Chemist: 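The following block contains the structure, expressed as structure tokens.
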Amino acid sequence: MDAVVGIDIGGSGTKGASVDLAAGRFAAPRVRLPTPSPATPDRVADVVVELLAQLDAPGPVGLTLPAVVRGGIVETAANIDETWIGTNALELFGRATGRPVAVIND
């Protein structure tokens, strides 16, 4: 597997691109959608699904959140809604996308 999708969830924008891991660069142009307000888990997951549809790129997804994430569980919330605290982001994004996912702090 040489290609994955990278998604950065920010306070105002959610950006994503297919990434060629072997070359260490974007494999296609980056797409940006507004982060919803309020940025609740379900609303952000919907934006991630929309972003993936626009990217039309297969493969696993790596996501960054503006939060401390340990074992897939969100422990803090900066620039996203406080309802993220305690959310299992791995399960949320895995269920929403139907793909293998990894989630880390940005």
Side-chain angles (χ1 to χ4, degrees):
M1 165 189 46
D2 285 339
V4 299
V5 177
I7 297 179
D8 175 50
I9 299 162
S12 63
T14 298
K15 290 85 54 190
S18 178
V19 179
D20 181 333
L21 295 177
R25 62 176 184 217
F26 290 153
R30 184 183 75 133
V31 174
R32 182 188 186 281
L33 296 174
T35 298
S37 181
T40 62
D42 288 337
R43 291 185 72 197
V44 170
D46 289 343
V47 169
V48 167
V49 169
E50 182 180 345
L51 189 66
L52 288 171
Q54 288 188 27
L55 290 171
D56 191 30
V61 181
L63 300 113
T64 63
L65 280 173
V68 172
V69 181
R70 290 192 186 134
I73 308 297
V74 177
E75 295 184 357
T76 64
N79 297 318
I80 54 176
D81 196 80
E82 289 185 6
T83 57
W84 277 95
I85 297 172
T87 296
N88 187 323
L90 287 176
E91 287 182 6
L92 173 73
F93 291 119
R95 184 175 56 251
T97 66
R99 301 182 190 200
V101 298
V103 183
I104 62 170
N105 172 265
D106 64 353

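Remember, it's a predicted structure, so these values are computed and weren't measured experimentally.
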Chemist: With clusters defined by side-chain heavy atoms of hydrophobic residues (ILVMFWY) lying less than 4.5 Å apart, directly or transitively, does Val4 cluster with Phe26?
Modeler: yes
Chemist: Under the rule for side-chain contact (heavy atoms from CB on, under 4.5 Å), what residues qualify as partners of Ala53, not counting sequence neighbours?
Modeler: none
Chemist: Let me check something: do Val19 and Val103 share a hydrophobic cluster, defined by ILVMFWY side-chain heavy atoms less than 4.5 Å apart, either directly or through other members?
Modeler: no
Chemist: Which pair of non-hydrogen atoms, one from Asn105 and one from Val68, has the smallest distance, and what is that distance?
Modeler: ND2-N, 4.0 Å
Chemist: Would you indicate whether the side-chain heavy atoms of Leu55 and Ser18 approach each other to under 4.5 Å?
Modeler: no
Chemist: Look up atom CG in Asp8 and atom CG in Asp106, then write down how far apart they are to the nearest 0.5 Å.
Modeler: 5.5 Å
Chemist: Hey, any chance Ile80 and Leu51 share a hydrophobic cluster, counting ILVMFWY side chains that come within less than 4.5 Å of each other, even indirectly?
Modeler: yes
Chemist: Decide whether Ile85 and Leu65 are clustered together by the hydrophobic rule: side chain heavy atoms of Ile, Leu, Val, Met, Phe, Trp, Tyr closer than 4.5 Å, transitively.
Modeler: no
Chemist: Can you tell me which residue pairs pass the side-chain hydrogen bond (donor to acceptor under 3.5 Å, both in side chains) test with a partner in residues 33-56, sequence neighbours excluded?
Modeler: Thr14-Thr35
Chemist: With Arg70, which residues qualify under salt bridge (charged side-chain N to carboxylate O under 4.0 Å, His left out), at least two apart?
Modeler: Glu75
Chemist: Any side-chain heavy atom of Arg32 sitting closer than 4.5 Å to one from Ser12?
Modeler: yes
Chemist: Any chain of hydrophobic side-chain contacts (each under 4.5 Å) joining Leu92 to Ile73?
Modeler: no
